[in-house]
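Sharing a structure here in structure tokens format.
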Amino acid sequence: MIVNFRLLVLRRSFSTSGAGDRSFVVHCNQRITRYGRIGNVVEAERLFNRMPEKSIVTHTAMLTAYAEGGHMDRARKVFDEMPRRNVAAWNAMITAYVRRRNISDVEEAHRLFLNMPERNPLSYTVMMMGFVDASNFDEAGTLYVATPVEWRDPFCSNVLMKGYLKSGRLEEAVRIFEGMKEKNVVSWSSMVDGYCKNGKVTEARELFDAMNVVRNEFTWCSMVDGYMKNGFFDDGLLLFLQMRKETSATKLEPAIVTAILESCGSTFRLKEGRQIHGCALRLGLDRDTYLGNSIIGMYSKFGWIREARKAFDALGNKDVVSWNSLISGYVQLGMVDEAQQLFDEAETKDSVSWTVMLTGFASKGLIDECIRLFDAMTEHDDVAWTALISAILNRGHYGEAVHRFVDMIRKEVVPNSSTLSCMLCAAAGLVSLRLGQQLHAVVCKLRMESDLSVQNSLVSMYSKNGAVDEARRIFLRISAPNIVSYNAMIAGFGRNGRGEEAVDLFSQLRHPPNEVTFLGVLSACAHAGLVEEGRRYFESMKSSAFGVEANADHYAAMVDLLGKAGLLEEAAELIRTMPVEPHSGVWGALLGAAGMHSNRDLAELAAARILELEPDNAVAAFAVKRYRDVMKGQPGCSWIDSVENRTSFRRQHTEGERVYSNSIQVKEK
DNA sequence: CTAGGGTTAG
């Protein structure tokens, strides 16, 4: 009905309007623009074709509508066939190419830019956007320098500065920022945000306090979120309260509340989370989809799945993130069936939905389901690949993981830091220095040398491959090592027979040690024969000064330590009196020591216990057989060594070598 | 008609 009426009006307008009816043309141009913005190319095109008189603006609006709808060929045809063009038309065509975020399109944009008869400030800004999006900072920088000084307005400078910040090129960003003659609120806010995103909260706050323009909601939001994302929840909350006092408290930006709720979820702030949720409800902000999604996410992270479900059901405008947040909530609780039900129910799914579901199956070890899901996905991005690879790795299939990684690279999907972290663990597991070094080269190429999780994985990979000095070199370059870094390095020293250095590093710890730290230092003592030190660490751990409970692994390390030193009876006594149930690793340590010191009774005891726990254990079976048939108690027998050359392990190792032998080629970012 | 900040899920 409405459409017919419009057509009627339109028809009358066409018949009554003369060639010079400019207001009608303007009206149609606006409608084409509107159709383009809502993605209705068909209506835009229909109107365009019916217009007897078209202006430059008409063509420009139409080409933009086509481009937004993905029809680049038709957009270009409109541009090429325009009877006359102005700067805006050229800019629009360049913008259309730039928005494709693709190298060849940016090149085409650049050709147009070079050929245009006249340029305005916007031409430079848009072209620079293209280079920035393509991470071509050389060209972007050159173009910035080539931009006439009077045209280097905040608009233009902010684009380049923002690009530098996004790619972690802080110094270049600062250079642009400080060189700007005029800075607006976007310039300041972007720098504050950029510092925060690069972990420099102190510098961000200095700028935040130093700004000479009025802060707006973006500025506040960046700073509050910056505090929270960098682990300073209380400072963030304080600043939020300060904002409420300083600015008009009548309305509140949903974005800032969203940021806080997300942080409540990730730092497990149950009380604050509930309070802020209540506050958002009172202010009527809960209709905001972003905010609603963050509520679902927060309760999911708390494990309060019913609250999450309630927030989901209450949300008026659900989008794909709403669904994904709740699916993720079920997955996090291990409720994979419920997650799958929701996954099947969702009418719109994106790669996140599929990946969440994949990690759900992975958490249950259902590797075939993971692969089935992965194969059913239409697009595989870096995270999807990483989820699959990680699922395969968790099942211990290193060679297969390497195979998938090579596939990923061949498909030209750029690995992220978590992919590389995973793969470095594979290289450690495979004991393949060659693979590890190639991955290290990829890390450098992709500028991920400063990523903490990558650095930690590198330390672990190198030390497991015997290259402990290389591991140490990387460890020393970590700007803010966390407990995982220390654990990797301590264990690395230990397994390479450098017990003193392990002990030394432990004494320099700036973090409370955890279970892994103690396991590392105990193993280090065992390897280096530091019996007294080992005893001391073990006692200090048990004295609960650090709040760490000794588990069976720690006892295994102690049995190993005592056993290697020949204190077999003390080791056996430790097993007898340990408060946790000894697992096969504990008995294995005793078996190894008993073998080394030719204590037949204890070896047989240990082997028997292992076989009770693991009837298929080859080492124990071999030991029992060996003792029964061959060994007559001579010292120095090397049966344990021959078994330790675990054949299955070797096979996997060589399998991995073969798969990645065509060196890994990654395109530079 | 063409241009620049923040927030949610893997």
Side-chain angles (χ1 to χ4, degrees), chain A residues 26 29-30 32-33 36 55-65 67 85-96 98-99 120-129 132 153-163 165 184-194 196-197 216-226 228-229 253-263 265 288-298 300-301 315 319-329 331-332 350-360 381-384 386-387 390 416 418:
Chain A
V26 169
N29 291 346
Q30 284 168 352
I32 291 174
T33 305
S55 67
I56 296 182
V57 177
T58 318
H59 287 90
T60 307
M62 191 61 231
L63 85 79
T64 302
R85 301 181 192 105
N86 60 10
V87 193
W90 282 88
N91 288 347
M93 194 66 238
I94 290 172
T95 306
V98 159
R99 288 211 170 137
N120 65 8
L122 205 142
S123 319
Y124 283 88
T125 304
V126 168
M127 191 62 244
M128 215 163 55
M129 269 175 61
V132 166
D153 55 12
F155 246 111
C156 174
S157 306
N158 291 346
V159 167
L160 184 61
M161 194 184 78
K162 192 77 198 150
L165 288 170
N184 62 14
V185 65
V186 179
S187 323
W188 288 95
S189 307
S190 300
M191 261 329 274
V192 167
D193 187 51
C196 288
K197 296 264 154 64
N216 65 14
E217 68 269 27
F218 297 111
T219 331
W220 287 98
C221 189
S222 292
M223 196 62 238
V224 169
D225 186 51
M228 303 227 157
K229 290 260 164 37
E253 271 298 307
I256 199 160
V257 183
T258 302
I260 298 171
L261 287 169
E262 193 279 329
S263 202
D288 184 281
T289 302
Y290 270 54
L291 198 140
N293 292 345
S294 72
I295 291 166
I296 300 168
M298 180 182 76
S300 289
K301 284 179 193 133
L315 191 57
D319 63 8
V320 67
V321 179
S322 324
W323 288 84
N324 292 345
S325 303
L326 191 60
I327 295 172
S328 166
V331 164
Q332 284 166 53
D350 63 3
S351 79
V352 177
S353 332
W354 290 83
T355 311
V356 174
M357 204 55 240
L358 196 156
T359 55
D381 62 13
D382 54 338
V383 187
T386 307
S390 152
N416 59 35
S418 130

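Keep in mind that what you see is a predicted model, and the values were worked out from it rather than measured. Lettering of chains follows the sequences in order, A, B, ..., and the numbering in each one begins at 1.
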task: Looking at every strand, decide which applies to A/M129 at a 4.0 Å heavy-atom threshold: base, sugar-phosphate, or nothing.
output: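 Sugar-phosphate contact only - A/M129 comes under 4.0 Å of backbone atoms but never of a base.
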- prompt: Which pair of non-hydrogen atoms, one from A/S300 and one from A/S325, has the smallest distance, and what is that distance?
  reply: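 Nearest heavy atoms, A/S300 then A/S325: OG-O, 3.5 Å.
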query: Any side-chain donor-acceptor pair under 3.5 Å between A/S190 and A/N158?
result: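 No, because no side-chain N or O of A/S190 sits under 3.5 Å from a partner of the opposite role on A/N158.
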- prompt: Which of these nucleotides, B/dC1, B/dA9, B/dG6, is closest to any side-chain atom of A/S325?
  reply: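 So the side chain of A/S325 is nearest to B/dA9.
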- prompt: Any idea which of B/dG4, B/dC1, B/dT7 is nearest the A/T60 side chain?
  reply: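 Nearest to the side-chain atoms of A/T60, counting from C-beta on, is B/dC1.
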message: What verdict does the side chain to side chain donor-acceptor pair (under 3.5 Å) test give for A/E262 and A/T258, after you've listed the backbone C-alpha separation in whole Å, the side-chain angles of each residue and the deciding distance to 0.1 Å?
response: CA-CA 6 Å; A/E262 193 279 329; A/T258 302; over 6 Å; no
- prompt: Considering only side-chain heavy atoms of A/K229, which listed nucleotide, B/dT8, B/dT2, B/dG4, is closest?
  reply: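 Nearest to the side-chain atoms of A/K229, counting from C-beta on, is B/dT8.
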field: From CA spacing to verdict: side chain to side chain donor-acceptor pair (under 3.5 Å), A/D350, A/N324
entry: CA-CA 9 Å; A/D350 63 3; A/N324 292 345; 3.1 Å; yes
message: Suppose we call a contact any N or O donor and acceptor under 3.5 Å apart; does that hold for the side chain of A/N216 and the base of B/dG6?
response: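 Looking at the base of B/dG6, it does not pair with any donor or acceptor on the side chain of A/N216 (distance under 3.5 Å).
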query: Whole Å only: how far is the CG atom of A/D288 from the P atom of B/dA9?
result: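 Computing the A/D288:CG to B/dA9:P distance gives 14 Å.
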message: Classify A/S157 by what it touches in the nucleic acid, base, sugar-phosphate, or nothing, heavy-atom distance under 4.0 Å.
response: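 The answer is nothing, as A/S157 stays clear of every strand by at least 4.0 Å.
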query: Given atom CG of A/N293 and atom P of B/dT8, what is their separation to the nearest angstrom?
result: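 In whole Å, B/dT8 P lies 11 Å from A/N293 CG.
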- prompt: Once you round it to whole Å, what is the distance between P of B/dG5 and CH2 of A/W188?
  reply: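 Atom CH2 in A/W188 sits about 19 Å away from atom P in B/dG5.
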- request: Could you classify B/dG4 for me, syn or anti, using a glycosidic angle within 90° of 0 as syn?
  value: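 B/dG4: anti glycosidic orientation.
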- prompt: Which part of the nucleic acid does A/D319 contact within heavy-atom distance under 4.0 Å: base, sugar-phosphate only, or nothing?
  reply: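 No contact at all - A/D319 keeps every heavy atom at 4.0 Å or more from the nucleic acid.
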message: Considering every strand and a 4.0 Å limit on heavy-atom distances, what is the contact class for A/A387: base, sugar-phosphate, or nothing?
response: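 Since no nucleic acid heavy atom lies under 4.0 Å of A/A387, the category is nothing.
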query: Given atom CH2 of A/W323 and atom P of B/dA9, what is their separation to the nearest angstrom?
result: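 Roughly 18 Å, once rounded to whole Å.
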message: Students often get this wrong, so: under 4.0 angstrom with heavy atoms, is A/D381 touching a base, only sugar-phosphate, or nothing?
response: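 Base contact.
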task: Quick one: list whatever passes side chain to side chain donor-acceptor pair (under 3.5 Å) with A/K162, sequence neighbours left out.
output: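 Partners of A/K162 under the side chain to side chain donor-acceptor pair (under 3.5 Å) test: A/D193.
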- prompt: Considering only B/dT2, B/dG5, B/dT8, which nucleotide approaches the side chain of A/N91 most closely?
  reply: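 Nearest to the side chain of A/N91 among the choices is B/dT2.
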- prompt: Distance check: side-chain N/O of A/K197 vs OP1/OP2 of B/dT7, anything under 4.0 Å?
  reply: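 Answer yes for this pair, as a side-chain N or O of A/K197 is under 4.0 Å from OP1 or OP2.
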message: What contact category does A/N120 fall into here, base, sugar-phosphate, or nothing, at under 4.0 angstrom with non-hydrogen atoms?
response: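 Nothing: the residue A/N120, judged by heavy atoms under 4.0 Å, touches no strand.
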task: Quickly work out the A/N324 CG to B/dT7 P distance and round it to whole Å.
output: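 Distance check: A/N324 CG to B/dT7 P gives 18 Å.
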- prompt: Can A/K229 and A/C196 be said to form a side chain to side chain contact (heavy atoms under 4.5 Å, CB included), step by step?
  reply: CA-CA 8 Å; A/K229 290 260 164 37; A/C196 288; over 6 Å; no
- prompt: Which nucleotide in the list B/dG5, B/dT2, B/dT8 gets nearest to the side chain of A/V186?
  reply: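 From the listed options, B/dG5 comes nearest.
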message: Whole angstroms only, please: what is the CD1-P distance between A/I256 and B/dT8?
response: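 To the nearest whole Å, that distance equals 12 Å.
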task: Output the single nucleotide from B/dT2, B/dG6, B/dG10 whose closest atom is nearest the side chain of A/T64.
output: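 Of the options given, the side chain of A/T64 lies nearest B/dT2.
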- prompt: Taking the side chain of A/T95 as its heavy atoms from C-beta onward, which of B/dG4, B/dT2, B/dG6 lies nearest to it?
  reply: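 In terms of side-chain proximity for A/T95, the closest of B/dG4, B/dT2, B/dG6 is B/dT2.
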message: If the cut-off is 4.0 Å, is A/K162 near the phosphate of B/dG6, judged by side-chain N/O to OP1 or OP2?
response: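 Yes, A/K162 has a side-chain N/O under 4.0 Å of OP1/OP2 on B/dG6.
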Minimum-distance nucleotide (side-chain atoms of A/T258 versus B/dG4, B/dT7, B/dC1):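 Per side-chain heavy atoms of A/T258, the pick is B/dT7.
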- prompt: Which part of the nucleic acid, if any, lies within contact of A/Q30, taking any heavy atom under 4.0 Å across all strands shown: a base, the sugar-phosphate backbone alone, or nothing?
  reply: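 Touches nothing.
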- request: Counting heavy atoms from C-beta on, name the nucleotide in B/dA9, B/dG10, B/dG5 closest to the side chain of A/D350.
  value: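 For the A/D350 side chain, the nearest candidate turns out to be B/dA9.
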- request: Before giving the answer on side chain to side chain donor-acceptor pair (under 3.5 Å), spell out for A/T219 and A/S222 the whole-Å C-alpha distance, their side-chain angles and the decisive distance to 0.1 Å.
  value: CA-CA 5 Å; A/T219 331; A/S222 292; over 6 Å; no
message: Base, sugar-phosphate or nothing for A/D225? Non-hydrogen atoms, less than 4.0 Å.
response: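 Here A/D225 touches the backbone only, sparing every base.
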task: With heavy atoms under 4.0 Å as the rule, sort A/V383 into base, sugar-phosphate or nothing.
output: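 Base contact.
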query: Between A/Q332 (CD) and B/dT8 (P), how many Å, whole number?
result: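 Result: 15 Å.
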- prompt: Atom CE of A/M223 and atom P of B/dG6: how far apart are they, to the nearest Å?
  reply: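 Roughly 15 Å, once rounded to whole Å.
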- request: State which of B/dG10, B/dG6, B/dT2 makes the closest approach to the side chain of A/T355.
  value: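 Comparing B/dG10, B/dG6, B/dT2 against the side chain of A/T355, the answer is B/dG10.
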